[in-house]
Amino acid sequence: MYSEEYIVARRTLLDALEALEGHRDALVLVGAQAIYLHTGAAQFAVAEFTTDGDVAIDPRHLSAEPEIASAMRKARFFLDERDGRELVGVWASIREIAGVPAKVTVDLLVPDALGGAGRRAARVPRHEKGSMLKVHGLEAALVDNSVMRIGALEETDDRSFEMKVAGPTALLISKTIKLSERVTAGALERGRPDRVKPKDALDVLRLLQAIPSARLAQGFEGLLTDEIAGPVAAEALRSLPDLFGGIGSPGSQLAAEAAAPEPPDVITASCAALCREVLDALRALGVDA
């Protein structure tokens with residue numbers, strides 16, 4: 001049974017995919033919606049839950065038409081705002097959830113390695129500055145992906161699209177780097193606990209539980225030698241044990257918080273054990289982990 005938030009998030013994602021039809025070859029689904037396609041109904045009391053969609057864009061395959069910002073606005077999306085300023089690459093749409101109007105977003109993201117010289121806004125020729133956000137850690141999604149069919153989660157919507165979806169290892173890499181940047185870089189200490197989302201850690205545990213450790217390790221082995229994905233794969237591999245290697249590690253603790261009412265000791269122990277399994281599988285392949 002899907003949450004209403006997740007159903008609306010998928011509907012909004014499909015609207016964005018319709019708007020960007022001419023760019024389908026350049027798009028890769030990432031984030032929670034991609035994770036849930038791989039993990040299915042994981043063994044938690046907490047159901048799959050997300051209120052947005054994340055799409056990585058490979059600018060090397062991006063066409064000039066339709067222009068990204070124009071296409072999104074034509075589909076009734078608008079750049080979201082915070083403190084009166086437009087957010088780069090965060091496209092919002094007003095939807096109704098449980099009878100209440102709400103903003104649901106689709107983030108258009110360009111891996112940092114291919115995003116040009118801008119600090120936050122990806123610089124992609126012939127597309128509006130600010131329409132796509134540069135994000136570090138998504139590089140592996142451009143290498144580790146496969147085509148899947150993405151459909152609506154409600155019977156009244158029969159739409160479905162074939163598109164690239166990031167593979168489990170690429171998703172593990174991006175989530176690990178995101179958590180590392182926000183936790184180990186001191187977001188909590190600097191008074192920005194809102195930037196650290198326990199759900200991100202639970203999404204990592206979903207992947208570790210649902211995907212065989214040997215498969216994740218093989219994914220790392222291939223990505224580590226890739227020119228674009230290699231640096232972020234190595235970075236995630238360094239961060240993974242710091243975040244999830246022990247029951248007291250920050251990622252393990254965050255996963256336990258997000259998994260409530262699951263027993264915290266069970267969740268933290270699962271994080272630590274599954275993290276060790278991945279590292280052991282890598283060592284078995286001859287990869288230094």
Side-chain angles (χ1 to χ4, degrees), residues 30-32 34-35 38-39 50 52 54 56 89 107 109-115 119-120 133-144 166-209 211 213 216-217 219-221 223-224 226 228-259 267-283 287-289:
V30 294
I35 289 173
H38 289 291
T39 62
T50 186
D52 60 13
D54 296 316
D107 295 358
L109 313 169
V110 174
D112 185 64
L114 299 174
R119 188 176 69 87
R120 289 180 55 79
L133 175 67
K134 289 175 59 175
V135 175
H136 177 61
L138 289 179
E139 288 79 359
L142 304 188
V143 180
D144 174 23
T169 305
L171 292 165
L172 178 59
I173 288 168
S174 63
K175 283 288 184 179
T176 299
I177 287 177
K178 181 180 180 181
L179 279 165
S180 180
E181 288 177 344
R182 296 186 175 188
V183 175
T184 63
L188 288 172
E189 289 78 0
R190 290 198 294 269
R192 288 294 308 277
D194 58 299
R195 297 188 72 241
V196 181
K197 297 181 180 179
K199 178 185 168 299
D200 287 329
L202 184 58
D203 284 344
V204 168
L205 180 55
R206 289 183 190 274
L207 285 167
L208 293 175
Q209 282 196 335
I211 310 301
S213 297
L216 291 171
F220 268 111
E221 183 184 32
L223 290 167
L224 284 165
D226 184 84
I228 292 176
V232 295
E235 180 181 345
L237 200 50
R238 290 191 299 269
S239 299
L240 189 63
D242 293 334
L243 288 169
F244 295 97
I247 59 174
S249 300
S252 302
Q253 292 291 319
L254 286 166
E257 179 182 341
I267 297 299
T268 56
S270 295
C271 288
L274 291 167
C275 178
R276 287 195 296 271
E277 282 188 15
V278 172
L279 298 178
D280 288 344
L282 280 161
R283 293 186 188 102
V287 177
D288 186 20

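In terms of heavy-atom proximity, Ser252 sits nearest to Gly246 at OG-O, 2.9 Å. Heavy-atom minimum distance, Ala170 versus Ala166: CB-CB, 4.3 Å. The two residues Ala229 and Val143 have their closest heavy-atom pair at CB-CG2, 4.0 Å. Taking both residues in full, the closest heavy atoms of Pro241 and Leu279 are given as CB-CD1, 4.0 Å, listed atom of the first, atom of the second, then distance. Between Val232 and Ala140, the closest heavy-atom pair is CG2-N, 4.1 Å. Phe244 and Cys275 get closest at one heavy-atom pair: O-CB, 3.6 Å.
Side-chain N or O atoms of Glu139 include one that pairs as donor or acceptor with a backbone N or O of Asp112 at under 3.5 Å. Under the 3.5 Å distance criterion, the side-chain polar atoms of Glu221 are left unmatched by any main-chain donor or acceptor of Leu282. Between the side chain of Ser174 and the main chain of Gly137, no donor-acceptor pair closer than 3.5 Å is present.
Within the 4.5 Å cutoff, the side chain of Asp226 has no heavy atoms near those of the Leu224 side chain. Taking 4.5 Å as the limit, some side-chain heavy atom of Asp200 sits within range of a side-chain heavy atom of Lys178. With contacts defined as side-chain heavy-atom distances shorter than 4.5 Å, the pair Leu243/Ser180 qualifies. Considering only heavy atoms from C-beta on, Ile35 comes within 4.5 Å of Lys175 through its side chain. Counting heavy atoms from C-beta outward, Leu237 and Ile173 have side chains that stay 4.5 Å or more apart. Between Ile177 and Ser239, the closest side-chain pair of non-hydrogen atoms is not below 4.5 Å. Contact check for Cys271 versus Leu208: no side-chain heavy atoms found under the 4.5 Å cut-off. The closest side-chain heavy-atom distance from Pro111 to Ile228 is not below 4.5 Å.
For the atom pair CG (Leu171) and OG1 (Thr39), the distance works out to 9.5 Å, reported to the nearest 0.5 Å. Here CZ of Arg238 is found 11.0 Å from CG of Asp288. Values are rounded to the nearest 0.5 Å. Note: Phe220 CZ to Leu172 CG = 4.5 Å, rounded to the nearest 0.5 Å.
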Should Leu138 and Val110 be marked as a side chain to side chain contact (heavy atoms under 4.5 Å, CB included) after you check the CA-CA gap, both sets of side-chain angles, and the distance that decides it?
CA-CA 8 Å; Leu138 289 179; Val110 174; over 6 Å; no

Could you give me the CA-CA distance, side-chain angles and deciding distance for Leu205 and Ser270, then say whether side chain to side chain contact (heavy atoms under 4.5 Å, CB included) is met?
CA-CA 8 Å; Leu205 180 55; Ser270 295; 4.3 Å; yes

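In summary, Asp280 and Arg283 engage in a salt bridge, as defined by a charged side-chain N under 4.0 Å from a carboxylate O.
The environment of CD1 in Ile247 is sparse: at most 12 heavy-atom neighbours from other residues, nucleotides or ligands sit within 6.0 Å. At most 12 non-hydrogen atoms from other residues, nucleotides or ligands lie less than 6.0 angstrom from CZ of Arg120.
Applying the side-chain contact (heavy atoms from CB on, under 4.5 Å) test to Pro168 and every residue at least two apart in sequence or in another chain returns His38, Leu207, Ile211, Arg215, Leu216.
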